[in-house]
Each structure stands twice: as C-alpha cells, then as structure tokens.
Amino acid sequence: MATRRIALSVGRKFVQKPKSLAACACLQNRSYASSSNNHPDAASLPGLATSKILRSSRDQVFATPELKHLGGGETAKINLYQAVNEALHTALAKDDTAVLFGEDVSFGGVFRCSMGLAPKFGADRVFNTPLTEQGIVAFGIGLASAGHTAIAEIQFADYVFPAFDQLVNEAAKYRYRSGGEFSCGGLTVRMPCMAIGHGGLYHSQSPEAFFAHAPGLKVVIPRSPIQAKGLLLAAIRDPNPVIFMEPKILYRGAVEQVPMADYTLPLGKAEVLKEGKDVTIVGWGSQLYVLETAIAMAEKAIPGLSCELIDLRSIVPWDIETVANSVNKTGRLIISHEAPQTGGFAGEIAATIQERCFLRLEAPIQRVTGWDTPFPLAFERFYVPSAARCAEAIKDTMSY
C-alpha cells in the first residue's frame, strides 16, 4: 500500500526594503519555514543553489517584462511553498466565495502551503476533507458549479488517479455538455509533483500528460516562487478548471524575491529564460534547473555554442508560437521532462514542431525523459533525466 510522508517545518520569512510598517506587521504575523537556499532540497537538485533563473534582487524582479507594470514596491525573500501560501491568502482575502480544502489543509498541509489560513479565514472556508481524492474533486466541481471559487488540494499528484474520472469526464466536460449553460470554471486543483530525491514510486510521479489529453482542462507547472504566486492566482481566477502542479523539490529549495502585490502571470504563455542561436531546449518545473546546468556543461565543451532555454509553464494550452519561432531560428530542438518517454508531453511538442518547422530543422528532435518504468527509489538518480544526459543530447544534436 502506498504510504504518505509527512514533512513539518516552521520558521520565518524576510522582507527586502519594505515601504510600510503595516505590511511588515502582516508578514511577521504569518509563520513560514526559513527561506534559505541551503535547504537539503537545493542540494538534491544540481544547479538550483547557483541558478541564474531565480531572481534574487528587487532590480531583477521588476526588470522582468511581465512584472514591470507593478512599478516596484515591496518584495519578500521567500521560497516556493511560501509563495503558494501568499497566493492562497490573496485569493481568500479578495474573493469571499473562495474556499480551500483537502487532506490536512486546515493544519497547514504536509508541505505547509496552507499554514495560517484556517485561523485567518475560518473553518468554513479552509478545512480538511476525508481521505478521498475522488470526493475532493467531486466536491470542488459541485462548489464551482454553484458559483464558488473552489481550490482543492490533492496531497500528492501520485494520488490524483482515483479522481481521474471526475477530472476528465466531469470537470473537463461540464460546460461543453450543458451547451455553455453550466460551468465549473472556478475549480483549481493543486498537487505536488515530480521527484524529490527520496519519494519512490508513490511520491515522485509527473502525470501532466494524462490530463493534457482531456480537452477542457488547463495544466500549469511553475518553476519558481515568483512564477508560483502569479500563475496560481491566474489559475484560480481563470474561467476554466485548472490543474496546478507544484514541483515539491522546489518548495523549500527555490528562493526568490517575490512581489507582495497582487499580480498574475499569463496562462498559455511560455518564457524564454536564455536566448541562443544554435539549439532550442524546452522544459518545465524543476527540470529547468537541470537543463540550465546541462547548457553550461555543453557550452563549456563546445566553444561558441549558444543554447536557447524555454520554460513552457503551461502544458495546456502550450505556447506553440514561442517554441516554433525559436526552432525556426535555431534549427534544433530538445525537450526534457521527468515523466516517462512513451506518451509524455515531449512527444506532442515534437510532433507539432515537426509539422510547423520541418524545412528549418537541422537535426532530429530529441527527447530526454524518464525511462518507461515505474519511478524507482534506489535508482532515482539513474531514472531522472540528469544534466549529463541532457548535455550529451545537446552535443549529439549539434554534431548531427
């Protein structure tokens, strides 16, 4: 039988250049884990502690095109689970119809993402559910169809499968089957996903491709605290049911200066993290830090090599235009994800880009993924697409 691992941690977070004492008091009254890059999860993911993807200063944050409209303001040095907490707090505070529920949610959740929210907003808006994923999602569908903003938590993405029928046959089709008369678009289903270094079969899976095959659902995976807050708020406010997958290894390992303002980031829009001219590399979630390391290895081994790195962010809908424009420029494409190769979303990207960019391709499209086996515990480091495997794929593509 699958077992569930409970992780508890309490601490604080730090504010950079606050502009109001009221804002400081608000932050101090809410408990968080220490937002340090030295957390063991950072060591488990090569490249995370030294990543240039993470925004470590206010100047970097507000230089980001999608955040320039905020015009500066307060930021806080927080990790990804704290950013999720910020987004949930904002959603509950600004939407009286918003309700947050799931297993252990009123206690803060196993990863502490809902910590402090039940005392703040009350037991009728933040509450625990029985241990039944099918029931959690079904309840969320009913709440959303009645006009509420339903935010459901599945404790681990590995346990979402009992709710599969509710998601792909009910939530995804609710508006379509009623001819637009009814909708459960106010439903967001959060779930921790991906490898963590010791999760084994039942705490490590990446099931995004399963849901990409169900028209009517959106699927989003953030890479960092800034992304988590902005994308989660966008998901909660989107008029469609959204599956929001959070890479659990980043909960404490990824730390950024995150704007304290209410902001959203666009769903369905990829982001070019590093511009290049020779090869396009696409990933999402925690795999981006592996790819960043692989690019550094390849560019050191091949003088003059210039790689372009793209964070897909949204699996459905995915940003075909950004990826196609990049491949038309570079002529080469590598896609990497932790999920197994067969039926993985990399195959959909490869097929679409082959159709759109065939005459510009200089080499076959490559996929660097997990293997077609259950996710192993003892052999996890051989299973996940490592920086070495990804760097080798870059070299193979360039030498084709």
**Study point:** Sub-4.5 Å side-chain heavy-atom contact between Glu103 and Glu133
**Key:** yes
Check your understanding: Is a donor on one side and an acceptor on the other found under 3.5 Å between the side chain of His148 and the backbone of Ala150?
Key -> no
Study note, to complete from the structure: Taking every heavy atom of Leu333 against every heavy atom of Val279, the minimum-distance pair comes out as N-CG2, 4.5 Å
Point to revise | NZ/NE/NH1/NH2 to OD/OE distance under 4.0 Å, Lys77 and Glu256 | key: no
**Study point:** Side-chain donor-acceptor pair present, Gln366, Thr397, cut-off under 3.5 Å
**Key:** yes
Practice item. Of all the heavy-atom pairs spanning Leu54 and Pro225, show the shortest one and how long it is. Key: CD2-CD, 4.3 Å
Practice item. Could you tell me which non-hydrogen atom of Pro222 sits nearest to which non-hydrogen atom of Phe244, and how far apart they are? Key: CG-CZ, 3.8 Å
Check your understanding: Do the side chains of Val168 and Tyr176 join up, straight or via other hydrophobic residues, at under 4.5 Å, putting them in one cluster?
Key -> no
Check your understanding: Taking side chain as C-beta onward, heavy atoms only, is Leu70 less than 4.5 Å from Tyr263?
Key -> yes
Practice item. Using a cut-off of 6.0 Å, state whether more than 12 heavy atoms not belonging to Arg360 lie near its atom CZ. Key: no
Check your understanding: Is there side-chain contact between Ile141 and Tyr174, with at least one heavy-atom pair below 4.5 Å?
Key -> yes
Exercise for review: Determine, step by step, whether Leu309 and Ile295 satisfy the side chain to side chain contact (heavy atoms under 4.5 Å, CB included) criterion, reporting the C-alpha distance in whole Å, the side-chain angles of both residues, the deciding distance to 0.1 Å, and the verdict.
Suggested key: CA-CA 8 Å; Leu309 178 60; Ile295 288 171; 3.8 Å; yes
Review point. For residues Thr90 and Glu86, is any side-chain donor paired with an opposing acceptor at under 3.5 Å?
Key: no
Practice item. Rounded to the nearest 0.5 Å, what's the gap from CD1 on Ile334 to CE on Met398? Could you check? Key: 9.0 Å
Practice item. Check the pair Asn328, Arg356 against side chain to side chain donor-acceptor pair (under 3.5 Å), reporting the backbone distance first and the verdict last. Key: CA-CA 9 Å; Asn328 279 330; Arg356 298 209 175 201; over 6 Å; no
Check your understanding: Does Arg332 offer a backbone N or O that forms a donor-acceptor pair with the side chain of Glu362 under 3.5 Å?
Key -> no
Point to revise | Beyond-backbone contact of Ile320 with Trp318, side-chain heavy atoms, under 4.5 angstrom | key: yes
Review point. Should the pair Tyr251 and Phe111 be assigned to parallel (<30°), tilted (30 to 60°) or perpendicular (>60°) ring geometry?
Key: tilted
Practice item. Consider only side-chain heavy atoms of I, L, V, M, F, W and Y, link residues closer than 4.5 Å, and tell whether Ile151 and Leu233 are in one cluster. Key: no
Point to revise | Distance-only side-chain donor-acceptor flag, Asp59 / Ser57, under 3.5 Å | key: no
Practice item. Give a yes or no on whether the backbone of Ala163 and the side-chain of Gln166 come within a donor-acceptor separation of less than 3.5 Å. Key: no
Exercise for review: Would you check if the side chain of Asp319 reaches a backbone N or O of Ser314 as a donor-acceptor pair within less than 3.5 Å?
Suggested key: no
**Study point:** Arg252 NZ/CZ over Tyr81 ring centroid, <6.0 Å and within 45° of normal
**Key:** yes
Practice item. First locate atom OG of Ser51, then atom OH of Tyr289, and finally report the distance between them rounded to the nearest 0.5 Å. Key: 5.5 Å
Review point. Between the side chains of Asn85 and Arg112, is a donor N or O closer than 3.5 angstrom to an acceptor N or O?
Key: no
Check your understanding: So does Arg58 pair up with Glu74, basic N to acidic O under 4.0 Å?
Key -> no
Check your understanding: When clusters are formed by joining ILVMFWY residues with side-chain heavy atoms under 4.5 Å apart, either directly or through shared neighbours, do Trp371 and Val290 land in the same one?
Key -> no
Check your understanding: NZ/Lys277 to OG/Ser306 distance, rounded to the nearest 0.5 angstrom?
Key -> 5.5 Å
Check your understanding: Passes side chain to side chain contact (heavy atoms under 4.5 Å, CB included), Val255 versus Ile78? Steps please.
Key -> CA-CA 5 Å; Val255 178; Ile78 59 178; over 6 Å; no
Review point. So, Asp278 versus Thr330: side-chain donor-acceptor pair below 3.5 Å or not?
Key: no
Point to revise | Lys52 (side chain) donor-acceptor with Glu292 (main chain) under 3.5 angstrom | key: no
Check your understanding: Is a side-chain donor-acceptor pair under 3.5 Å present for Asp104 with Gln155?
Key -> yes
Exercise for review: May I ask you to check whether Phe375 and His203 place their ring centres under 6.0 Å from each other?
Suggested key: no
**Study point:** Candidate pair Leu187 and Val242, rule side chain to side chain contact (heavy atoms under 4.5 Å, CB included), full reasoning
**Key:** CA-CA 7 Å; Leu187 174 65; Val242 180; over 6 Å; no
Check your understanding: Linking I/L/V/M/F/W/Y whenever their side-chain heavy atoms sit closer than 4.5 Å, directly or via other members, would Val384 and Ile394 fall into one cluster?
Key -> no
Review point. Does a side-chain N-to-carboxylate-O contact under 4.0 Å join Arg223 and Glu271?
Key: yes
Study note, to complete from the structure: Rounding to 0.5 Å, atoms CE (Met191) and CD1 (Ile136) come to a distance of 10.0 Å
Check your understanding: Step by step, would you call Val316 with Ile243 a side chain to side chain contact (heavy atoms under 4.5 Å, CB included)?
Key -> CA-CA 10 Å; Val316 180; Ile243 295 177; over 6 Å; no
Check your understanding: Do the rings of Phe164 and Phe161 sit parallel, tilted or perpendicular, given the 30° and 60° boundaries?
Key -> tilted
Point to revise | Minimum heavy-atom distance Asp158-Leu201, with the two atoms named | key: OD2-O, 3.5 Å
Study note, to complete from the structure: Rounding to 0.5 Å, atoms OG (Ser224) and CZ (Arg55) come to a distance of 7.0 Å
Point to revise | N-O pairing of Arg190 and Glu153 below 4.0 Å | key: yes
Practice item. Return yes when atom CZ of Phe127 has more than 12 non-hydrogen atoms of other residues, nucleotides or ligands closer than 6.0 Å, and no otherwise. Key: yes
Check your understanding: Does the Thr75 side chain pair with the main chain of Pro259, one donor and one acceptor, at a distance under 3.5 Å?
Key -> no
Practice item. Please tell me if the side chains of Pro385 and Thr369 come closer than 4.5 Å, counting only heavy atoms from C-beta onward. Key: no
Review point. Tell me, do Ser336 and Val282 make a side-chain contact under 4.5 Å, heavy atoms counted?
Key: no
Check your understanding: So does Glu66 pair up with Arg313, basic N to acidic O under 4.0 Å?
Key -> yes
Review point. So, Ser386 side chain and Arg389 main chain: donor-acceptor pair closer than 3.5 Å or not?
Key: yes
Point to revise | Pair Trp284, Glu208: side-chain N/O donor-acceptor within cut-off below 3.5 Å | key: yes
Review point. Taking the side chain as C-beta and beyond, is there a heavy-atom pair between Glu275 and Ser326 under 4.5 Å?
Key: no
Check your understanding: Donor-acceptor pair, Lys218 side chain versus Leu267 backbone, under 3.5 Å?
Key -> no
Check your understanding: Can any side-chain N or O of Asn240 pair as donor or acceptor with the backbone N or O of Gly185 at less than 3.5 Å?
Key -> no
Practice item. State the NZ-CZ distance between Lys248 and Phe156, to the nearest 0.5 angstrom. Key: 6.5 Å
Review point. Does Phe182 belong to the same Ile/Leu/Val/Met/Phe/Trp/Tyr cluster as Val137, with side-chain heavy atoms less than 4.5 Å apart forming each link?
Key: yes
Check your understanding: Are Leu232 and Thr188 side-chain neighbours, meaning at least one heavy-atom pair lies under 4.5 Å?
Key -> yes
Practice item. Could you tell me whether a side-chain N or O of Gln287 sits under 3.5 Å from a main-chain N or O of Gly283, the two making a donor and an acceptor? Key: no
Review point. Looking only at heavy atoms, what is the nearest atom pair of Arg125 and Asp95, with distance?
Key: NH2-O, 2.7 Å
Point to revise | Closest approach of Ile365 to Gln354 (non-hydrogen atoms, all atoms of both residues) | key: CD1-N, 4.0 Å
